[in-house]
Protein chains: 2
Amino acid sequence: MLPEVDTTMTAAARTGRRDRVPPHPDMSEIGLQQVLEALVDPVRRRIVAELYAAGEDLACGTIDLPVSKSTATHHFHVLREAGLIRQHYAGTSRMNALRREEFDARFPGLLRAVVDAHGGDGAAE
Amino acid sequence: MLPEVDTTMTAAARTGRRDRVPPHPDMSEIGLQQVLEALVDPVRRRIVAELYAAGEDLACGTIDLPVSKSTATHHFHVLREAGLIRQHYAGTSRMNALRREEFDARFPGLLRAVVDAHGGDGAAE
DNA sequence: CGCAAGGTTCGACCACTGTCAAACTTCGAT
DNA sequence: ATCGAAGTTTGACAGTGGTCGAACCTTGCG
């Protein structure tokens with residue numbers, strides 16, 4: 001289909017993807033073990049807490065983390081695999097959002113409890 | 001009081017301790033990090049879940065774990081240090097109980113959320 | 001086109017933690 | 001006094017996971 005390649009289009013547009021979107025697991029595939037392993041890391045918990053507080057999509061860069069870019073990528077990956085966040089690209093930036101309702105349906109009260117405790121604890125914002 | 005030494009008494013009784021009691025941290029000293037590190041281990045979560053279900057003190061031996069005794073000791077130690085359980089000796093056995101109310105006051109909803117999720121998840125009881 | 005910005009992938013490294021066996025301690029009972 | 005049961009302590013070992021730098025890949029823009 002569409003044999004003529006329009007070079008003015010971006011690669012994403014050419015392939016029919018407005019936003020590249022990495023694979024997200026279904027909530028039913030997520031286990032508690034995985035979730036706790038994700039939340040046990042302070043950096044990841046900080047990400048979750050900020051997304052929770054923001055209540056909307058945040059670009060990666062918006063959240064400043066005390067680690068290198070490659071490590072940050074790693075953390076976002078873990079959070080995504082644990083069903084905690086949803087990611088999609090917008091230009092060169094990656095947007096992140098909490099999968100709040102979904103997650104709460106699967107693990108009622110857990111996210112709230114952790115974020116609350118995180119705030120009252122050594123949040124160091 | 002009672003100055004006459006009754007040799008029929010146990011050493012614990014003679015020294016005025018009915019039960020030896022290891023040091024327990026105050027809830028205010030407990031951090032979320034510590035708690036999550038404690039709960040992230042499946043064996044420890046299993047212990048917590050069983051104590052939660054039992055609702056009363058359980059001897060170490062009552063809870064059968066898929067690990068050696070020394071490892072079990074380690075796990076109970078971690079749980080105690082994280083403020084999750086209270087321990088005391090009764091004879092040669094160690095009794096364990098959840099510090100439920102206290103813990104819930106410090107981290108509202110957390111224990112409940114984790115135990116609930118644990119049950120619905122790969123509890124493998 | 002060519003370049004810079006923002007992320008990703010890859011390898012390597014290091015600290016931490018769960019695990020066990022062996023030796024030791026303490027209590028209860030014989 | 002002695003033995004067995006129940007835990008503890010210690011030391012060692014292996015696997016895992018967070019960390020980084022370097023090289024690479026896209027996208028947006030001049």
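These numbers were taken from a predicted model, which means no experiment stands behind them. Sequence lines set the chain letters: A, B, ... in the order given, protein chains first and strands last, and positions in each chain run from 1.
- Counting heavy atoms from C-beta on, the side chains of B:L98 and B:F103 never come closer than 4.5 Å.
- The distance from atom NE2 of A:H88 to atom C1' of D:dT27 is 16 Å, rounded to the nearest whole Å.
- We find that CG of A:L79 is positioned 14 Å from C1' of D:dG17, with the value rounded to whole Å.
- In this structure, the OH atom of B:Y89 is 14 Å from the P atom of C:dT25, given to the nearest Å.
- The two residues A:Q33 and B:V40 make their nearest non-hydrogen contact at NE2-O, 2.9 Å.
- With rounding to whole Å, A:E37 atom CD is found 17 Å from D:dG15 atom P.
- In this structure, A:M95 places its CE atom 17 Å from P of D:dT27, rounding to the nearest Å.
- Between B:R94 and the phosphate of C:dT26, there is no side-chain N or O to OP1/OP2 separation shorter than 4.0 Å.
- Annotation: the span from B:L36 atom CG to B:L110 atom CG amounts to 6.5 Å, rounded to 0.5 Å.
- Protein atom CD1 of A:I63 is 15 Å distant from nucleotide atom P of C:dG6, rounded to whole Å.
- Listed nucleotides: D:dT19, C:dG6, C:dG18. Nearest to the side chain of A:V43: D:dT19.
- Side-chain contact between B:L111 and B:V48 is present, with at least one heavy-atom pair separated by less than 4.5 Å.
- For the pair A:I47 CD1 and C:dG7 C1', the computed distance is 14 Å after rounding to whole Å.
- Proximity note for A:T92 (side chain, C-beta onward) versus D:dT8, D:dG28, C:dC27: the nearest is D:dG28.
- Among residues at least two apart or in separate chains, salt bridge (charged side-chain N to carboxylate O under 4.0 Å, His left out) pairs with a member in residues 102-113 of chain B are A:D121-B:R106, B:R86-B:E102, B:R99-B:E102, B:R112-B:D116.
- A donor-acceptor pair under 3.5 Å is absent between the side-chain atoms of A:R80 and the main chain of A:H24, judged by distance alone.
- Atom P of nucleotide D:dA6 and atom CG of B:N96 are separated by 15 Å, given to the nearest angstrom.
- The salt bridge (charged side-chain N to carboxylate O under 4.0 Å, His left out) pairs that include a residue from residues 23-38 of chain B number zero, where partners must be two or more places apart or lie in different chains.
- Listed in residue order, the members of residues 64-78 of chain B having a heavy atom less than 4.0 Å from DNA chain C are B:V67, B:S68, B:S70, B:T71, B:H74, B:H75.
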